[in-house]
2 protein chains.
Amino acid sequence: MTTIREIAAACNVSTATVSNILNGKAKASKETIELVRKTAQRLNYTPNYIAKNLKLKTSNTIGVIAEDMTVFNSPDIIDGITEYCEEHKYQILLTNLRLFQKFGDFYYTKNNLGQLINYEINELRSRQARAIIYVAPHVRDIKTVSSGLNLPIVMAYCTSPDPGVPSVLADDEDGFYRITKSVLKKGFRHPGLIAGKPGSYHTAERLKGFRRALLEFHFPFSEKFVYYGEWNRRTGCEGAAALMGKSVDSILCMSDIIAGGVYDWCHDQNITPGKDIPVTGFDNRELSAYLYPPLTTVNLPLKQIGRKSCEVADHMIADGENHRLEKQYLKIKCKVVNRTSL
Amino acid sequence: MTTIREIAAACNVSTATVSNILNGKAKASKETIELVRKTAQRLNYTPNYIAKNLKLKTSNTIGVIAEDMTVFNSPDIIDGITEYCEEHKYQILLTNLRLFQKFGDFYYTKNNLGQLINYEINELRSRQARAIIYVAPHVRDIKTVSSGLNLPIVMAYCTSPDPGVPSVLADDEDGFYRITKSVLKKGFRHPGLIAGKPGSYHTAERLKGFRRALLEFHFPFSEKFVYYGEWNRRTGCEGAAALMGKSVDSILCMSDIIAGGVYDWCHDQNITPGKDIPVTGFDNRELSAYLYPPLTTVNLPLKQIGRKSCEVADHMIADGENHRLEKQYLKIKCKVVNRTSL
DNA sequence: TTGTAAGCGTTATCAT
DNA sequence: ATGATAACGCTTACAA
């Protein structure tokens with residue numbers, strides 16, 4: 001690798017001059033500028049960022065900690081982050097915790113997670129990351145992440161109990177309100193709801209949206225018509241069985257996967273989803289377009305979440321100590337994707 | 001951030017001693033070792049890797065260039081890479097080219113791609129990446145990547161025309177051979193094949209596997225029963241229409257997405273896939289389990305591809321100049337996933 | 001057993 | 001306009 005010293009030698013100037021010229025601080029004559037530029041090109045020079053970073057005690061690196069990048073929402077979030085980074089000349093140092101791969105569904109109950117996260121943050125810091133974006137597959141409080149790290153950190157698709165740490169989220173409440181409204185507008189008055197895990201943020205928010213829509217239409221809400229379960233296919237199957245026994249006229253699911261389970265039950269019972277019973281999902285995963293009939297669902301603004309997270313991180317970097325958070329939670333709206341299951 | 005100098009000061013020893021102790025080259029008395037360790041801990045010391053790397057002119061960073069990490073196979077490949085990296089203490093510097101996001105289906109015809117790749121490789125090199133893993137969504141020759149870079153590089157799910165650059169691939173030929181055999185074993189003698197794009201590596205290899213199975217069963221092969229198209233849903237739809245007109249007794253698709261199109265056509269015609277006409281896919285994407293009936297398909301060993309790529313890169317790093325490639329192409333076997341569409 | 005000092009490639013200060 | 005030099009935090013001969 002060519003160094004500025006070699007360029008300096010080749011041009012018969014000092015390294016200081018080379019450095020100045022190559023960094024555009026052109027306190028040099030036209031001729032030397034020309035000469036240095038040419039030789040740098042000729043010798044195929046690329047700056048050694050390691051040296052540069054050491055000297056400047058900073059870098060253009062953003063650390064991304066993904067709890068598990070194989071979970072469906074993570075790649076798109078990271079895509080949004082990379083888009084912003086590309087435009088703003090940041091590099092990404094990726095840490096993939098592989099939590100889901102390692103521990104399956106219950107990874108977030110691991111109690112040494114905090115230790116692990118702290119370790120990785122430190123690791124990233126010692127590599128001069130300017131900021132950290134923490135990407136999770138489900139929204140929940142990550143207790144260990146706080147603003148006391150002296151390093152900008154933003155939570156994508158998750159939260160921190162520390163009000164100084166910003167979060168970028170999907171507006172689950174509004175998203176579910178919208179899809180519920182779609183259902184009610186079509187004249188269905190007795191919707192059943194298959195929810196996810198009871199304690200979950202998503203379950204709570206989406207339920208709120210469901211109730212808000214019901215209220216708006218002056219329809220009563222009853223817990224009788226909501227079935228709680230896990231975020232999986234089987235829950236959809238069981239939920240459909242339970243709810244259909246209570247003569248609901250439509251089924252709203254809190255996830256596409258759950259809706260997949262409802263379809264399973266329908267096939268089993270020789271009932272046609274969409275025709276005999278309208279079904280809706282949430283998340284707009286790829287599979288939702290391949291169910292038959294294609295599932296009406298709600299799109300998650302994952303890429304925007306990633307982009308926005310990175311933008312916030314960038315602002316925090318720029319403002320340094322002076323940064324004041326306007327809002328701890330930034331919620332991005334979701335849109336209904338109309339297909340034929342409703 | 002605490003530095004070794006501060007530790008040295010606090011302990012009344014030299015930085016050399018601190019460095020030695022902290023790196024386990026313990027040429028020191030038990031007491032100083034103890035003291036230094038304790039103080040390092042107390043001051044919450046983490047080494048500055050930037051400085052370390054500059055001094056050592058090396059790092060434990062592996063650069064990953066993903067053509068587009070939102071394409072379904074990339075996250076799992078990267079997951080395999082991170083698994084290996086985690087075990088072997090490598091860090092990942094991720095470059096997401098976002099080619100598919102930017103240019104859609106025809107990104108690989110971009111003719112300045114070579115320039116871009118070279119730029120990114122250089123970028124990674126100047127950040128002291130020890131090796132580069134290039135991750136693509138479709139197998140094809142990436143012309144610009146060569147072994148003359150003086151930096152180990154391995155191609156994951158793609159190839160380089162340079163025989164000095166190793167590739168890790170799925171064994172498409174064998175995978176398609178296996179699924180074809182599954183079909184033939186069930187007694188179907190007139191399989192139709194819906195292929196992908198004619199020029200593609202995947203199309204060619206999978207076709208070979210198809211023919212090999214046919215040959216083994218002494219069934220004739222005829223181009224009449226293969227329908228070529230794109231790697232999309234519509235092709236499945238059109239292919240099914242074309243093939244069913246030629247009275248095939250089963251349909252093999254070169255991708256799950258194509259199979260999804262076949263299901264579309266079946267629904268349209270009131271034909272039940274699996275029952276009236278067996279259908280198989282390839283790739284084992286999530287959606288394949290949600291089609292009805294669930295699609296029999298072939299699993300792509302993506303994680304292993306990532307892992308193996310990283311392992312090869314690691315060996316190349318370790319061997320340096322002495323590295324001799326045994327094989328340019330490493331092909332990992334695929335397994336049939338039996339469901340009920342066959 | 002411990003310390004001194006040079007050097008990795010760069011930038012920045014201060015002379016010239 | 002250009003150059004000499006110190007410094008960023010670390011490792012490693014080599015000296016003590």
Side-chain angles (χ1 to χ4, degrees), chain A residues 1-40 43-61 89 91 122-130, chain B residues 1-40 43-61 89 91 122-130:
Chain A
M1 296 249 46
T2 320
T3 69
I4 54 168
R5 238 208 287 291
E6 297 174 272
I7 298 174
C11 296
N12 250 310
V13 295
S14 75
T15 59
T17 305
V18 176
S19 174
N20 276 329
I21 290 171
L22 260 23
N23 287 300
K25 309 197 211 304
K27 300 165 166 243
S29 71
K30 267 202 163 205
E31 300 85 52
T32 26
I33 292 180
E34 183 76 347
L35 178 62
V36 167
R37 288 245 167 85
K38 281 259 161 69
T39 7
L43 300 179
N44 202 5
Y45 172 78
T46 25
N48 181 327
Y49 288 102
I50 297 291
K52 195 165 182 157
N53 293 350
L54 176 59
K55 178 61 188 169
L56 298 181
K57 297 184 82 174
T58 182
S59 75
N60 58 164
T61 303
K89 303 288 169 208
Q91 278 275 332
N122 237 319
E123 202 72 3
L124 253 16
R125 194 217 301 277
S126 56
R127 291 194 155 70
Q128 304 292 117
R130 301 283 312 265
Chain B
M1 295 249 46
T2 322
T3 69
I4 54 168
R5 237 207 289 287
E6 296 175 270
I7 298 175
C11 297
N12 250 309
V13 295
S14 75
T15 58
T17 305
V18 175
S19 174
N20 276 328
I21 290 172
L22 261 22
N23 287 301
K25 308 196 211 307
K27 298 161 166 240
S29 72
K30 268 202 161 198
E31 300 84 53
T32 26
I33 292 180
E34 184 76 348
L35 177 63
V36 167
R37 287 245 168 86
K38 281 257 161 69
T39 355
L43 299 179
N44 202 2
Y45 172 77
T46 24
N48 181 326
Y49 287 103
I50 298 291
K52 196 166 181 156
N53 292 349
L54 176 59
K55 176 60 189 171
L56 298 181
K57 298 185 80 171
T58 181
S59 75
N60 58 165
T61 304
K89 304 288 169 210
Q91 279 274 335
N122 236 319
E123 201 73 1
L124 254 15
R125 193 216 303 276
S126 57
R127 290 193 156 69
Q128 302 294 115
R130 300 283 311 266

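No experiment lies behind these values; they were computed from the predicted model shown. Reckoned from all heavy atoms, side chains included, excluding hydrogens, waters and symmetry mates. Every chain is numbered from 1 and lettered A, B, ... according to where its sequence line falls, protein lines coming before strand lines.
- A:Tyr49 has its side chain out of reach of B:Gln128: every pair of non-hydrogen atoms, C-beta onward, lies at least 4.5 Å apart.
- Following rounding to the nearest Å, A:Lys30 (NZ) and D:dA1 (P) show an atom-to-atom distance of 12 Å.
- In this structure the side chain of A:Thr15 never reaches within 4.5 angstrom of the side chain of A:Ser19, judged on heavy atoms.
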Nucleotide by nucleotide, nucleotides 7-16 of chain D touches protein heavy atoms under 4.0 Å in the pattern (B base, S sugar-phosphate only, - none) BBBBBB----

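- Formation of a donor-acceptor pair under 3.5 Å by the B:Thr2 side chain with backbone atoms of B:Leu43 is found in this model.
- One can place CG of A:Asn53 at 14 Å from C1' of C:dC8, the figure rounded to the nearest angstrom.
- Here the P atom of nucleotide C:dT2 and the CD1 atom of B:Ile21 are 7 Å apart, to the nearest Å.
- Contact of the A:Glu6 side chain with the A:Thr39 side chain is not registered, since no non-hydrogen atoms from C-beta on lie closer than 4.5 Å.
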Working for salt bridge (Lys or Arg N to Asp or Glu O under 4.0 Å), residues B:Lys30 and B:Glu34: CA-CA 6 Å; B:Lys30 268 202 161 198; B:Glu34 184 76 348; over 6 Å; no

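- Summarising the geometry, the separation between CZ on B:Arg127 and P on C:dG9 is reported as 17 Å, rounded to the nearest angstrom.
- Between A:Ile21 and A:Val13 the shortest side-chain heavy-atom distance does not fall below 4.5 Å.
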